[in-house]
2 protein chains.
Amino acid sequence: MNSTDDNALQSAVPATAGGLAVPAAQARAGRMHGAAFSPLYRQIKALLVQSLDRGDWKPGEAIPSEMELATRFQVSQGTVRKAIDELAAEHLLLRRQGKGTFVATHHEARVRYRFLRLAPDQGVPQPAQSQVLSCGRIRSSAEIARALEIRTGEQVVAIRRVLSFAGKATVVDDIWLPGDVFRGLTTELLGSYRGPLYGLFETEFGVSMVRADEKLRAVTAGDEYATLLQIEPGTPLLQVERVSHTYGDRPMEVRRGHYLTEGYHYRNSLN
Amino acid sequence: MNSTDDNALQSAVPATAGGLAVPAAQARAGRMHGAAFSPLYRQIKALLVQSLDRGDWKPGEAIPSEMELATRFQVSQGTVRKAIDELAAEHLLLRRQGKGTFVATHHEARVRYRFLRLAPDQGVPQPAQSQVLSCGRIRSSAEIARALEIRTGEQVVAIRRVLSFAGKATVVDDIWLPGDVFRGLTTELLGSYRGPLYGLFETEFGVSMVRADEKLRAVTAGDEYATLLQIEPGTPLLQVERVSHTYGDRPMEVRRGHYLTEGYHYRNSLN
DNA sequence: AAGTGGTCTAGACCACGTT
DNA sequence: ACGTGGTCTAGACCACTTT
């Protein structure tokens, strides 16, 4: 792979990616002083995220080897490695020595409990049973629209479900998804699916959740939640508001959960 | 880099560190197959943590330059760099280009809000006022002892305080600390101190908190907390149980907080 | 100008898994 | 035996800060 050298990276990019504002050669040359300077490995990283976003490599699949990518982008293996290092640290990729580097997927025990923080006070986490109560299309409220970065009134999918552990109803989730992306999501599809919701999003809609922000509050159960969770009204519940993001940090889900924290807790680690 | 080769790392270690079980040369030579193999940079990392733990470099101070450490440990700069990279990722060290690498300290805005996750629903976080209600020595309960990895009945410092934001009491914290480490901690010392508690622990007791695990639950306020927070009994509160760790992952604090989440929330990020 | 961390390269070798 | 990621090295140069 010996191009005419200038813009080596750019020319190596698949045609669909279009032109880069700042070709890699520029960073290599060492220009740009007070400006937007971004090192080569970050440009490589951005290209890799683009490929993930485009679905060039699917969740669970291996991406090309470091050497392959290095020759493709006309950089050293070390530079590719540093790009992949960051993506692995962010859990977008998963390295397995001797085997390759794989696209992270929610169809794995490891990754599952990154997003389900409710754990039993004693014993090990048990898989939850999900019961979908409703799933329909509505016009988004201003609040949901803002969080999803769509226009107020645009169509969203609204889901309500109950999660149970060992037969005991523990979580009520209300979920909102952008309607145009999740076309064809129905109660039946949800009901027929085994495994985590984010796994379904991956395989059925090509949406990989990568990061989420949560806001937690303590509230008391009103009649509605009390009935759903079979508890007394006034029982304290942990309210969890979540906005989940896919590859380009694009918000793709809003979720409001109400957790019954009796015998369970929300675990967190401060680093 | 031509020493007499064997045990280059070990001989470079300050005398106080004593002998290493596995000298660096072993990793370099490439022995140890199914065994406990640990790469060179992790051994360097462990040595750096030892130095931090011994207080060779105090919070806020610069550690020696990468080149300096590389010659001291008889490894390449890249190996030292990788060790420091991990410590920086874990927030034990802080890199500042052109200036040096510094020991992380809680006397900084950046690091403060890593451990205080309560944020206002609108606006930017305001500094909290702390009012210490009590501070005394008691025998540890079995529960606290287990968390602090001390014997039941051993002396612990017990602190109760209230945090207020803009004059409104919002948090009640109960804190337990191992008595032998926090000798001389009194209500007066706590009262005379400005700034975060973990800053005081650093400067007065040489204890740097590095990581914490939390368990969150929703509870309702009893008469005690209701009085302290000037709210109605039965108001929902966010209960936060925290175990904080210092260098070497040694537990050094148990804390049970009760947060009033009206106008405030506990923010979290799932990566 | 000098010193620090940050990037990039090229090559050697090791550990792990598959063929 | 081969291909993958993982480690380690040595050297060049860049970006940032201070002298």
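So you know, we letter chains A, B, ... as the sequences are listed, proteins then strands, and number each from 1. Note that this is a predicted model, so its numbers are computed, not measured.
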[X] side chain, from C-beta outward: closest of [options]:
| X | options | result |
| --- | --- | --- |
| A:Gln97 | D:dT7, D:dG5, D:dA10 | D:dG5 |
| B:Ser76 | D:dT9, C:dT9, D:dG5 | D:dT9 |
| B:Lys99 | D:dC8, D:dT17, D:dG6 | D:dT17 |
| B:Arg81 | C:dC8, D:dC8, C:dT7 | C:dT7 |

Take atom [atom1] of [X] and atom [atom2] of [N], then tell me their distance rounded to the nearest Å.
| X | N | atom1 | atom2 | answer |
| --- | --- | --- | --- | --- |
| B:Met67 | D:dG11 | CE | P | 9 Å |
| B:Gln77 | D:dA10 | CD | C1' | 10 Å |
| A:Phe73 | C:dC8 | CZ | P | 14 Å |
| A:Glu66 | D:dT4 | CD | P | 10 Å |
| A:Phe102 | C:dG17 | CZ | P | 11 Å |
| A:Leu94 | D:dG5 | CG | P | 12 Å |
| A:Leu93 | D:dT4 | CG | P | 16 Å |
| A:Gln74 | C:dC8 | CD | P | 15 Å |

task = Indicate whether the side chain of B:Asn271 and that of A:His91 have a donor and an acceptor atom separated by less than 3.5 Å.
result = no
task = Specify whether A:Phe115 and A:Tyr198 have parallel, tilted or perpendicular ring planes, treating 30° as the upper limit for parallel and 60° as the lower limit for perpendicular.
result = perpendicular
According to a strict under-4.0 Å criterion, is [X] in side-chain N/O contact with OP1 or OP2 of [N]?
| X | N | result |
| --- | --- | --- |
| B:Thr79 | D:dT9 | yes |
| A:Arg95 | D:dG6 | yes |
| B:Lys82 | D:dC8 | no |
| B:Ser65 | C:dT4 | yes |

key: B:Pro64 vs A:Arg42, nearer the 5' end of DNA chain C by closest nucleotide   =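 Closer to the 5' end of DNA chain C: B:Pro64.
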ask   = If you round to the nearest 0.5 Å, how far is CG of A:Leu216 from OH of A:Tyr266?
value =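 Reported to 0.5 Å precision, the distance equals 5.0 Å.
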key: Separation between CD of A:Glu253 and CG of A:Leu177, rounded to the nearest 0.5 Å   = 5.5 Å
request  = May I ask you to check whether B:His106 and B:Phe201 place their ring centres under 6.0 Å from each other?
outcome  = no
